[in-house]
Amino acid sequence: MITAPASPAARMVLGIETSCDDTSVAVLERGVMVRSHLIATQDVHRWYGGVVPELASRAHLELLPPLVSRALAEADVQPGELTAVAVTRAPGLVGSLVVGLAFAKAYALGLGLPVVGVNHVEAHLHAATLEHGDSPFPAVALVVSGGHTELVEVRGIGTYRWLGSTLDDAAGEAYDKVAKLLGMGFPGGPAIDRLAQRGRRDAFDLPRPMVDRPGYEFSFSGLKTAVAQVVASLTPPLDETRVADLAASFQAAVVDSLCVKTLRALDATGARALNLGGGVACNLELRARLSAACAERGVAFRVPSPRLCADNAAMIALLGAWMLDRGTASGSSLDAAASLEDSGLPLVEA
Ligand code: KG4
Ligand code: ZN
């Protein structure tokens with residue numbers, strides 16, 4: 001069960017997410033019931049093998065008005081029934097964030113509604129709540145996506161201790177770069193995940209960066225270079241079995257590295273739950289390994305369905321509803337921040 005926010009402003013929240021290349025809109029009733037939830041993935045970026053920021057901003061601009069109309073229609077909610085607008089304010093591509101913020105502020109102003117700015121990474125930390133109910137605390141959250149690899153101790157909603165991040169590439173970024181090396185399209189994570197099911201995970205001896213070091217930091221760029229060296233050493237054309245073996249060996253290295261640090265964090269903090277978020281949390285091997293490790297420890301394993309792992313507006317509305325309950329509404333002064341460091345996440349020391 002999710003504890004419903006008591007604030008009248010949280011009764012019917014319109015959530016808007018535009019931090020990267022997904023335009024998403026959701027209507028959330030009383031902070032617990034998803035009345036509608038739409039995600040438009042911008043296909044234009046496939047042509048370029050990665051997200052093109054300027055094209056992402058333009059696409060958000062075109063997609064938002066019809067998506068909001070459709071989300072309200074699917075929710076069977078009139079604009080006048082909305083009680084607040086929650087919008088991603090940081091971190092992300094600044095142009096994309098600004099489009100979402102400008103739209104949200106204008107829409108809220110037109111309807112006389114409060115608008116609340118939500119931290120995208122904080123929303124990922126809690127996305128599992130929409131399907132699994134309230135989290136026991138303390139919890140550990142792992143957010144793994146194309147832009148983030150963040151390990152966080154969650155002591156409560158709004159109280160976080162930062163454990164570690166990647167020193168270079170994010171986990172999803174490594175997947176996308178290796179997929180490119182193997183001649184696959186963008187984004188590459190899902191394709192590598194599928195292919196890895198057919199390969200041998202010990203076929204190539206790839207490094208597990210940072211696992212022997214203390215702490216909670218990650219690094220994936222050396223692993224990507226190691227895969228590039230293997231590819232260069234093989235005689236083309238690579239047959240499918242070889243590519244599947246390489247995909248499986250790469251995935252094993254990424255998952256080992258993520259699991260070592262995450263389990264270390266669970267053990268050190270005495271966490272009662274593990275929350276996963278971000279697109280890489282869709283990965284089948286990562287889910288299976290962490291699920292088994294949590295079961296061994298008696299820790300609740302909370303991973304959302306793929307739709308709620310990826311960038312989505314339902315998690316933005318969820319966190320927005322909680323913030324409204326705590327009296328946080330930002331109004332028209334709301335500003336975008338591109339980096340996580342500047343995103344104003346409420347952190348505590350040790
Ligand atoms: O959270 P997300 O949708 O967007 C952001 O990056 O913010 O995550 C997308 C990332 C991409 O790098 C994609 O390759 C990766 O998540 N991804 C996966 C899988 N599904 C998506 N990586 C590994 N295995 C998957 N099944
Ligand atoms: Zn994200």
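Whatever order the structure lists ligands and atoms in, that order sets their numbers, starting from 1.
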Flag for T41-D22: side-chain donor and acceptor within less than 3.5 Å: yes
Option of least heavy-atom distance to atom 25 (C) of ligand 1 (set: C20, A171, G189): G189
Subset of ligand 1 atoms that lie under 4.0 Å from at least one heavy atom of P187: 13 (C), 14 (O)
Which atom of L324 lies closest to which atom of V13, heavy atoms considered: CD1-CG2, 4.0 Å
Check: S24 side chain, L38 main-chain N or O, donor-acceptor pair, under 3.5 Å: yes
At the Zn ion (ligand 2): angle between D311 atom OD1 and H124 atom NE2, to 10 degrees: 100°
Ligand 1-proximal atoms of D193, by part, heavy-atom distance under 4.0 Å: side chain
Distance filter under 4.0 Å to D176 heavy atoms, resulting ligand 1 atoms: 11 (C), 12 (O), 13 (C), 14 (O)
Where ligand 1 meets G147 - atom numbers and elements under 4.0 angstrom, heavy-atom basis: 6 (O)
Short side-chain donor-acceptor distance under 3.5 Å, N275 and H124: no
Ligand 1 N/O within reach of G146 N/O, cut-off under 3.5 Å: yes
Option of least heavy-atom distance to atom 23 (C) of ligand 1 (set: N283, V255, D311): N283
Contact flag H120/the Zn ion (ligand 2), N/O/S atoms, threshold under 2.8 Å: yes
N-O pairing of E173 and K177 below 4.0 Å: yes
Of the listed options G279, G278, G172, closest to atom 17 (N) of ligand 1 (non-hydrogen atoms): G279
Donor on one side chain, acceptor on other, T129 and R302, under 3.5 Å: yes
Residue and atom name of the nearest protein heavy atom (relative to atom 3 (O) of ligand 1), distance in Å to one decimal: A310 CB, 3.4 Å
Atom 15 (C) of ligand 1: the protein heavy-atom neighbour that sits closest, reported with distance to 0.1 Å: V280 CG2, 3.9 Å
Donor-acceptor side-chain pairing of S219 and D168 below 3.5 angstrom: yes
Ring centers of F204, F250 separated by less than 6.0 Å: no
